[in-house]
Amino acid sequence: MLDKQALRNDLAAVAARLATRGYVLDTAKFDQLEGERKVIQTRSQELQAKCNAASRQIGYNRVKGNDVSAFMAEVANLGDELKQLETRLEKVQHELNAFLSVIPNTPHESVPVGKLEADNQEVRKWGAPPKFDFVVKDHVGIGEGLGGLDFETATKISGARFSLLKGPLARLHRALAQFMLDLHTEQHGYIETYVPYLVNADSMYGTGQLPKFEADLFSVNASAVYTTEEINQVELDKIEEKERRVTLLRTKQHNKFYLIPTAEVPVTNMVRDEIVPLEKLPLKFVAHTPCFRSEAGSYGKDTRGMIRQHQFDKVELVQIVHPEKSYEGLEELLGHAEAILQKLGLPYRVVKLCTGDMGFSAALTYDIEVWLPAQNTYREISSCSNFEAFQARRMQARFRNARGKPELLHTLNGSGLAVGRTLVAVLENYQQADGSVVVPEALRPYMGGMEVIRAD
RNA sequence: GGAGAGGUGGCAGAGUGGUCGAAUGUACCUGACUCGAAAUCAGGCGUAGGUGCAAGCCUACCGUGGGUUCGAAUCCCACCCUCUCCGCCA
C-alpha cells in the first residue's frame, strides 16, 4: 500500500513513478474518490458531533426532570441524514481501499527503467561456467539416470508440475536445506523459525499477495460452509435460518486458509499489528518451508523438469529493519544469499531488476541467477527485495522511534536459496561423463561423507 | 467432537445503558527532593482519521460483524479467538 498522504500531496509525481513500471494510475478516479470522501466524512463527523451533544443533553436533562422533547426531535432530524452519509462514507471508503490495495509499489530511484527481462541490469558475475568435454545432460536426464528423480510417479500421485525424489537425491535435497539453514543461523545472524504453511487472508493481504493475486494461490476452507444452493433451499418462512446461513457462509469464506507461496508471508507477518521496540531492530529470521504456487498463466513455460513446480522448498531470509537502514540491509541480505552459491561453487550473476520486471510489492529487487549448463544460461535462483514501508503499511507493522512515536518499519526478504533449483544447479554443474554427480565439498558433511552420487 | 470460563490501554485489573477513551495499580517519561541512587511527592503518558498556519477542535476504536436505543464497553444475536476439563489423535 502506498502512502495516502503522498498521493494527496503529489499525485502527479507518484503517477509518473508508477508509469515507469507500466502501471497507469487513474488519477482522475483517485481525485474523485478522495474528493467525495473528504466532503462526506467532514459532514458526517459534524452531524455525529451534534447527535452526541444532543444525546448528552437528553441524559443530563432527564435526570433533572426537564423536558427533553426538543433534543429528541433534533436527533430524529439528524438521524436520517447521518445514516445516509454513513452508508455513503462506507461505500466510498471501500472503493478507495480497493483502489489503493491494487496499486503496486513505487520503484526506488536507482531502479533501471525498462519493460522486459532484457532491460535488467547485470550487477556482477561470480565464478566461471564449467567446461565439459562431453555432451551435457539436463537435470532430468541426470536425475533419471541416477534413478532418484521420478516425474511419472509424482504425476500419478498428484499431477503435472510435481516431482518425487528418492535415495541420495532426496538426501541431497535435505542436505542443501540443512546447509543453508546452518550457514544463515551460525554465520549470518538469523534466528531460525518454524512457521505455519496455511495462513489467513489478512496475512496474504499484509505481504501483498491479496487481493490482486488470488489466482496464483492454493486455498482450502477452514471448515465446512453452506453453499449458496443450500441457502436457497431453505424455506422462505424460515428467514432467520436463512440469514444465519448467509452470515456463516460469509465469515467462513473470509476465514479460509491459503497455502503459503513463500515463507515471506508467515515470517513477515510475525510483526503484523505489532510495535517493535527500537532496540530490537533489526529482526532477522530464516525459515525453511515448502512453497505452493498455482503458477496460473505459466502454461508452456519450463514444463520439463523441476524448475517450475506447484510445490517446492525454499530457505527464506527476512529482515525487519529501521527505515533508514533498509538499503544497507538489502545489500547485506543479498550477500548472505550469494554466500551459499559461493560455498557450493556454483557460478552465478546478480541482476538488478528493471521497473517493468519487479514484483508488485517491491521497491527494488536483485535477482541471483545461477548457471545452468544444459540451458547454457543463467536462471533465477533467488530474489532479494526491499519493500520499504509498502508491506509494513498494509500490516501496520511499526516500531517506536526515538521520540516514542510509532513509525512504519521497512521489510526485506530474499531466497537463501530455492532448494529445488539449487539441486538442479548442483546436478548440472557437477555432472560427470559417466552420469555420476560429484557432491560439492560443503555438502559432504550433510551426506554422510558421500563424495559422488552414482546410479545404484 | 462434547462441557465450561473468558476476550477492556505496554502489562495487570475495575466498570450501575447517559461528559467512559474508560477508575485503580504497574511500567514508562518529565520535574521536585538527593552528592548520586532508591524511596517519596507532583505532572504527563493509547491508536487511527478529519480539520486548521498553529494552539487546538472534532470523529472513531473496550475480540469481529449485526441489532435494540435519543444514547451501548455495559442489553440481544451470530461469528472468531484464547484458556480449562473430557474424547480422539501424530
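As a basis for the values below, the full set of heavy atoms in this structure was taken, side chains included, without hydrogen atoms, waters or symmetry mates. Naming convention: chains lettered A, B, ... in sequence-line order (proteins, then strands); numbering from 1 in each chain.
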- Query: What does A:A54 touch in the nucleic acid at a heavy-atom separation under 4.0 angstrom: a base, only the sugar-phosphate, or nothing?
  - Reply: nothing
- Looking only at B:rC70, B:rU47, B:rG50, the nucleotide nearest the A:V75 side chain is B:rC70
- Message: Going by purine N1 to pyrimidine N3 plus the second Watson-Crick contact, or the G-U wobble pair, all under 3.5 Å, which nucleotide sits opposite B:rC79?
- Response: B:rG63
- Indicate yes or no: does A:E86 engage A:K91 in a salt bridge with an N to O separation below 4.0 Å. no
- If you measure from the Lys or Arg side-chain nitrogens to the Asp or Glu carboxylate oxygens, is any gap between A:R8 and A:E34 under 4.0 Å? yes
- According to the Watson-Crick and G-U wobble definitions, with both distances under 3.5 Å, which nucleotide is paired to B:rC53? none
- Message: Measure CE/A:M72 against P/B:rU69 and give the value in whole Å, please.
- Response: 11 Å
- Can you tell me the Watson-Crick or wobble partner of B:rU84, both distances under 3.5 angstrom? B:rA3
- Task: Could you check whether A:R43 gets within reach of a base, just the sugar-phosphate, or nothing at all, counting any heavy atom under 4.0 Å?
- Result: nothing
- Among B:rU47, B:rG50, B:rU59, the one nearest any side-chain atom of A:T42 is B:rG50
- Query: If we call it a pair only when both distances are under 3.5 Å in a Watson-Crick or G-U wobble match, what pairs with B:rG71?
  - Reply: none
- Task: Choose from B:rG50, B:rC58, B:rC70 the nucleotide whose nearest atom is closest to any side-chain atom of A:S55.
- Result: B:rC70
- Note on the structure: Ranking B:rC70, B:rA60, B:rA48 by distance to the side chain of A:I58, first place goes to B:rC70
- Could you give the CG-to-P distance, from A:N61 to B:rU19, as a whole number of Å? 14 Å
- Note on the structure: Paired to B:rA42 by Watson-Crick or G-U wobble criteria (both distances under 3.5 Å) is B:rU30
- List the steps and the verdict of side chain to side chain contact (heavy atoms under 4.5 Å, CB included) for A:F292 and A:Y258. CA-CA 9 Å; A:F292 302 94; A:Y258 293 87; over 6 Å; no
- Query: Whole-Å distance between B:rG71 P and A:L47 CG?
  - Reply: 14 Å
- Message: Between A:R37 and A:E95, does any NZ, NE, NH1 or NH2 come within less than 4.0 Å of an OD or OE carboxylate oxygen?
- Response: no
